[in-house]
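Worksheet for the structure shown next.
Whatever order the structure lists them in is the order used to number ligands and atoms, beginning at 1.
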Amino acid sequence: MENEASGQLCRKLGIEIPFIAAPMSGVSTPALAAAVSRSGGLGMLSADLLEPEEICREVEETRRLTDRPFAVNMRIPPRDRGSLEQAEKVAYALSDLRKELGLEESVDFSSFREPDFERQLEAVLDLGIKVVSCSFGGFREAFEERLHSSGAFILGSATTLREAKVQRAARADAIVLQGYEAGGPRLYFESDPEESSVCLSVLLAEAHRAVRLPLIAAGGIGTASAARAAIAGGAAAVMAGSALACAPESAAPDLMRRSMAAASDTATCVTDLLSGRPERVMRIGLVEALKRAGVASSGYPFQRFIMRDIMRAAVRSERPDLLRMPAGQAANIFSCRPAAETVGLIRQGLPHF
Ligand SMILES: Cc1cc2nc3c(=O)[nH]c(=O)nc-3n(C[C@H](O)[C@H](O)[C@H](O)COP(=O)(O)O)c2cc1C
């Protein structure tokens, strides 16, 4: 199978097949990134909440495992920081649950901190990363210029045509189109959450008509036929998250792997109650209970902070009803196969170079 846009993108990225692993904070690992890269695709690390030293360690470990290219994803810091006042209310609403799980009843907000974005970027530049992806927005001009002058290729993400155009204006080299079926956080940044609920086939058709940049299709990709359809629809490459999330090389907890195995087409929902950003996750009792109690999210990053030790306790006490499990709508694509096998299946629907 030949495809000009795919061929050009693969040559620029130094890969054999137009397949890219999705960034998955807390789930992506050097072993997973390296396994995807060794299979001919582009592996991905997630810088997200990592301190610069941790980014260095992950990059060095990945380089030890493969000499093929891989990418690092960065979270563009949010403009809206959420509400501390609401966070205190949510923490109060969760105090009985915290007690039941053996946690301190109240949340200590004074210990809240996040890695510094500029220091993360410095680390990525110093490490000479050749493909840098960004989620939740585009790089500001100064950062984009520094990345480009370091020779990096920038992958921007978008959930609507408008956002794809913003990424083009921010000088992204290729655009990841995230359809509504995708697992994990909704990556919108300009469009509101409601507007950004566009399914992949519609988003791809719109962007293919209007945006002359390589497009990467994300959302529900886990089979050769889904990959073939995306390429036929104008994508230069495909990206998969859910299909790799439970691979043995990932950092997903066993509890998540077991729950995913029982997933069906109606198993997921979009909620902002677990991290503060709308995200597609497995439908769980905790979210249903918070909704019934009328608890509203305090926004990102506070909500994620409040939930962090509840999630750790959920793993310790084997409570799938409390665990945040980011997962896409295409439930049939969850698999616990080694990443190379999953990539091997998907590549049957892709051109190779
Ligand atoms: C377990 C999991 C964690 C994710 N975490 C992130 C993340 O931290 N940052 C991000 O930009 N996207 C994240 N995503 C979304 C992916 O980037 C991608 O859009 C999505 O996986 C594509 O849809 P699919 O899951 O149907 O393959 C995550 C997805 C999953 C499944």
Side-chain angles (χ1 to χ4, degrees), residues 19-29 32-33 36 41-50 71-78 115 120 132-138 155-159 163 167 175-189 196 198-201 203-204 216-223 226-227 229-230 235 237-247 249-253 255-257 259-260 263 265 267-268 270 274-282 300-301 304 311 323-336 339 342-343 346:
F19 177 87
I20 302 177
M24 296 184 280
S25 180
V27 170
S28 302
T29 60
L32 182 58
V36 171
L42 188 74
M44 176 87 70
L45 295 174
S46 167
D48 195 28
L49 289 185
L50 301 185
V72 174
N73 173 262
M74 305 199 61
R75 173 185 282 267
I76 304 292
Q120 287 183 316
V132 180
S133 97
C134 58
S135 299
F136 311 106
L155 302 178
S157 6
T159 61
E163 289 181 348
Q167 290 290 7
I175 298 173
V176 177
L177 299 172
Q178 188 200 42
Y180 195 52
E181 49 280 75
R186 304 290 312 134
L187 301 183
Y188 69 86
F189 57 96
S196 78
V198 186
C199 69
L200 178 61
S201 58
L203 184 56
L204 184 56
I216 297 154
I221 306 287
T223 58
V238 297
M239 173 179 275
S242 300
L244 296 168
C246 294
E249 298 91 341
S250 89
L255 188 58
M256 173 161 152
R257 293 171 206 276
S259 306
M260 297 288 215
D265 56 349
T268 67
V270 173
L274 298 180
S275 72
R277 282 236 13 147
E279 55 180 355
R280 187 173 290 286
V281 291
M282 295 285 280
Y300 182 88
R304 169 144 124 175
M311 298 304 137
L323 186 62
R324 169 181 173 269
M325 293 177 278
Q329 261 178 339
N332 61 328
I333 68 180
F334 304 132
S335 90
C336 295
T342 300
V343 178
I346 296 172

So among Val176, Leu42, Val238, which one has a side chain to side chain contact (heavy atoms under 4.5 Å, CB included) with Ile216? Val176

Suppose we screen for side-chain hydrogen bond (donor to acceptor under 3.5 Å, both in side chains). Which residues come up paired with [X], at least two apart in sequence or across chains?
X	value
Ser25	Asp48
Ser135	Asn73
Ser46	none

Can you find a heavy atom in the side chain of Arg257 that is under 4.5 Å from one in the side chain of Phe334? no

Pairwise side-chain contact, Glu163 with Leu187, heavy-atom cut-off 4.5 Å (strictly under): no

What residues come within 4.0 Å of ligand 1, counting heavy atoms only? Ala22, Pro23, Met24, Ser25, Ser135, Gln178, Ala182, Gly183, Gly184, Pro185, Leu187, Gly219, Gly220, Ala240, Gly241, Ser242, Pro326

